[in-house]
Trainee: 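Take a look at this one; I'll ask things after.
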Amino acid sequence: MAAVNREHKDRLFTFLFGKKGNKEWTLSLYNAVNNTHYTDPDIIEFTTIEDAVYMGMKNDISFILCHVMNVYEQQSSYNPNMPVRQLMYAAKLYDKYIQQKRLNIYGRKLVPLPVPKLVVFYNGTEGEDDRILKLSDAFIQEGNPQEADIEARVRMVNINYRKSKSLLSSCRPLEEYAWLVSQIRENQRTMGIEQAVDQAIQNVPKDFEIQEFLIGHRAEVKDLCITEYNEAETMQMIREEGREEGREEGREEGREEGDLKRARKTAANMLKDGDSIDKVARVLELSPDIIRAWMGKS
């Protein structure tokens with residue numbers, strides 16, 4: 001039975017599709033995303049960076065398959081900054097790849113590199129549609145617009161149950177994962193999160209490919225689902241309280257000031273509880289230098 005890392009916890013998505021013992025499911029996911037038909041899961045080489053975490057949880061999977069470098073990330077809330085985040089992640093992967101292969105990027109010979117494919121699997125409740133997120137959309141174009149020399153495109157796919165039907169039907173484990181998340185949310189209408197997760201796992205149909213895995217790892221799955229739920233609740237509370245302060249002041253500036261005030265208060269409380277500056281920065285999606293400046297730390 002796989003153990004949950006003491007330094008961080010996988011998201012359930014990563015727990016299912018990012019483990020060496022589940023390579024068949026990873027391959028099925030890859031085939032569904034790329035409309036391919038590979039059959040040998042052993043051709044997958046996981047390259048996931050172990051210290052890349054968000055709010056103490058790992059939500060990414062990266063692997064190389066047939067000269068394609070895949071960066072997959074699961075998000076339960078829409079984030080338009082995924083292109084720059086995945087670009088930074090991909091740069092680390094390329095650096096690691098170049099060092100492992102002992103490639104000379106300073107010579108006259110062109111160095112062959114795997115093709116990057118960046119995908120976000122979105123299963124939030126905001127109702128976002130499939131789309132291509134582009135890094136260039138974030139570039140400041142005021143005054144004298146310039147043509148960008150860097151671009152990154154991230155394919156965002158809505159994997160909520162009964163969405164992206166073609167993709168889900170092409171990957172049974174993904175469709176079953178989507179069903180499980182849907183069941184947990186439905187159960188939460190009438191029960192607490194722990195009972196909702198327990199009930200959903202108990203109701204997983206016996207013919208589901210992931211059923212045996214979920215039952216065998218019931219404790220880990222339950223813990224991961226509760227942690228993800230708590231993360232979502234925390235971030236939603238921060239956003240809602242910040243917006244409420246802005247509404248009370250009656251202007252956009254007030255809303256931004258309210259968000260900032262709430263973020264600073266959250267940072268102070270987390271540091272007081274013993275969390276590191278790096279973790280606070282990940283939770284609030286800010287630079288560690290900003291957190292240090294707020295707290296007067298050098």
Trainee: Applying the 4.5 Å side-chain criterion to the ILVMFWY set and letting contacts propagate, would Val84 and Val119 be lumped into a single cluster?
Mentor: no

Trainee: Without swapping roles, check the side chain of Ser76 against the backbone of Asn123 for a donor-acceptor pair under 3.5 Å.
Mentor: no

Trainee: Among residues at least two apart in sequence or on other chains, which ones pass side-chain hydrogen bond (donor to acceptor under 3.5 Å, both in side chains) with Ser62?
Mentor: Thr47, Tyr89

Trainee: Write down the atom of Gln211, the atom of Val204, and the distance for their closest heavy-atom approach.
Mentor: CG-CG1, 3.5 Å

Trainee: Under a 4.5 Å cut-off applied to non-hydrogen side-chain atoms, are Gln74 and Thr14 in contact?
Mentor: no

Trainee: Within a 6.0 Å radius of atom NZ on Lys96, are there more than 12 heavy atoms belonging to other residues, nucleotides or ligands?
Mentor: yes

Trainee: Listed by chain and number, what are the side-chain hydrogen bond (donor to acceptor under 3.5 Å, both in side chains) partners of Lys222, not counting sequence neighbours?
Mentor: Asp198

Trainee: Could you tell me which residues satisfy side chain to side chain contact (heavy atoms under 4.5 Å, CB included) with Asn31, sequence neighbours excluded, listed by chain and number?
Mentor: Leu27, Thr36, Tyr38

Trainee: With rounding to the nearest 0.5 angstrom, report the CG to CG distance, Leu12 to Asp223.
Mentor: 11.5 Å

Trainee: Can you name the salt bridge (charged side-chain N to carboxylate O under 4.0 Å, His left out) partners of Asp275, sequence neighbours left out?
Mentor: Lys279

Trainee: Group every Ile, Leu, Val, Met, Phe, Trp and Tyr by side-chain heavy-atom contacts under 4.5 Å, then state whether Met69 and Ile105 land in the same group.
Mentor: yes

Trainee: Would you name the heavy atoms of Ala200 and Trp179 that are closest together and state the gap between them?
Mentor: O-CZ3, 4.0 Å

Trainee: What pairs with Arg189 under side-chain hydrogen bond (donor to acceptor under 3.5 Å, both in side chains), at least two apart in sequence or on another chain?
Mentor: Glu186

Trainee: For Leu29 and Ile61: C-alpha separation, side-chain torsions, deciding distance, then whether side-chain contact (heavy atoms from CB on, under 4.5 Å) applies.
Mentor: CA-CA 12 Å; Leu29 182 61; Ile61 302 168; 5.5 Å; no

Trainee: Compare every heavy atom of Pro83 with every heavy atom of Val154, then report the nearest pair and how far apart it is.
Mentor: CG2-CA, 3.6 Å

Trainee: What about the rings of Phe13 and Phe121, do their centers lie closer together than 6.0 Å?
Mentor: yes

Trainee: Under the salt bridge (charged side-chain N to carboxylate O under 4.0 Å, His left out) test, which residues partner Glu24, sequence neighbours left out?
Mentor: none

Trainee: When rounded to the nearest 0.5 angstrom, what is the spacing between NE2 in His217 and CD1 in Ile215?
Mentor: 11.5 Å

Trainee: Can you check whether Ser166's main-chain N or O pairs, donor with acceptor, with Ser170's side chain at less than 3.5 Å?
Mentor: yes

Trainee: Please identify each residue that fulfils ring-ring contact (aromatic ring centres under 6.0 Å, His included) with Tyr78, with sequence neighbours left out.
Mentor: none

Trainee: Do Met82 and Glu73 make a side-chain contact, defined as non-hydrogen atoms from C-beta onward lying under 4.5 Å apart?
Mentor: yes

Trainee: Answer yes or no: is there a side-chain heavy-atom contact under 4.5 Å between Trp25 and Cys171?
Mentor: no

Trainee: Side chain of Glu176, backbone of Glu209: donor and acceptor closer than 3.5 Å?
Mentor: yes

Trainee: Is it the case that the side chain of Arg155 and the backbone of Val33 share a donor-acceptor pair, with hydrogens and angles ignored and the cut-off at 3.5 Å?
Mentor: yes

Trainee: Linking I/L/V/M/F/W/Y whenever their side-chain heavy atoms sit closer than 4.5 Å, directly or via other members, would Phe46 and Leu174 fall into one cluster?
Mentor: yes

Trainee: For Asn70 and Val68, work out which heavy atoms get closest and say how close.
Mentor: ND2-O, 3.2 Å

Trainee: Quick one: CD on Gln183 to CD on Gln202, what's the gap to the nearest 0.5 Å?
Mentor: 12.0 Å

Trainee: Establish whether Ile49 and Met88 are linked, either directly or via other cluster members, by ILVMFWY side-chain heavy-atom contacts under 4.5 Å.
Mentor: no

Trainee: When you check the side-chain N and O atoms of Gln99 and Asp95, is any donor under 3.5 Å from an acceptor?
Mentor: yes

Trainee: Kindly indicate, with the supporting measurements, whether the criterion side-chain contact (heavy atoms from CB on, under 4.5 Å) is fulfilled by Gln188 and Ile193.
Mentor: CA-CA 6 Å; Gln188 282 181 256; Ile193 179 62; 3.9 Å; yes

Trainee: Can you name the nearest heavy-atom pair linking Phe63 to Thr26, along with the distance?
Mentor: CE2-CG2, 3.8 Å

Trainee: I would like to know whether Asp60 and Val71 meet side-chain contact (heavy atoms from CB on, under 4.5 Å); could you show each step before the answer?
Mentor: CA-CA 7 Å; Asp60 64 272; Val71 181; 5.6 Å; no

Trainee: To check you understand the geometry: which heavy-atom pair defines the closest contact between Leu168 and Tyr161, and what is its length?
Mentor: CD1-CA, 4.4 Å

Trainee: Got a sec: does the CE of Met191 have more than 12 other heavy atoms crowding it under 6.0 Å?
Mentor: yes

Trainee: Please check: side-chain N/O of Gln86 versus main-chain N/O of Leu118, any donor-acceptor pairing under 3.5 Å?
Mentor: no

Trainee: Examine Phe15 together with Phe213 and report whether their ring centres are nearer than 6.0 Å.
Mentor: yes

Trainee: Please tabulate, for side-chain N and O atoms in residues 133-142, each donor-acceptor pair with protein atoms closer than 3.5 Å (sequence neighbours left out).
Mentor:
| residue | atom | partner | partner atom | Å |
| --- | --- | --- | --- | --- |
| Ser136 | OG | Glu151 | OE2 | 2.6 |
| Gln141 | OE1 | Gln146 | N | 3.4 |

Trainee: Would you please name every residue forming a salt bridge (charged side-chain N to carboxylate O under 4.0 Å, His left out) with Lys23, sequence neighbours left out?
Mentor: none

Trainee: Can you measure from CZ (Arg11) to CG (Leu16) and round to the nearest 0.5 angstrom?
Mentor: 13.5 Å

Trainee: Quick one: do Ile44 and Tyr30 satisfy side-chain contact (heavy atoms from CB on, under 4.5 Å)? Show the steps, please.
Mentor: CA-CA 10 Å; Ile44 291 176; Tyr30 176 89; 5.9 Å; no

Trainee: If Ile, Leu, Val, Met, Phe, Trp and Tyr residues are connected whenever their side-chain heavy atoms lie under 4.5 Å apart, and connections chain through other members, are Ile132 and Tyr122 in the same group?
Mentor: no

Trainee: For Asn160, check side-chain hydrogen bond (donor to acceptor under 3.5 Å, both in side chains) against everything at least two apart and list the hits.
Mentor: Asn158, Arg185

Trainee: What residues, two or more places apart in sequence or in another chain, satisfy salt bridge (charged side-chain N to carboxylate O under 4.0 Å, His left out) together with Glu128?
Mentor: Arg131

Trainee: Could you work out, with side chain to side chain contact (heavy atoms under 4.5 Å, CB included) as the rule, every residue matching Leu103, not counting sequence neighbours?
Mentor: Tyr97, Ile98, Lys101, Val111, Leu113

Trainee: Can you tell me how far CD1 of Ile150 sits from CG of Leu87, rounded to the nearest 0.5 angstrom?
Mentor: 6.5 Å

Trainee: Looking at CD of Glu175 and OG of Ser182, how far apart are the two atoms once the value is rounded to the nearest 0.5 Å?
Mentor: 11.5 Å

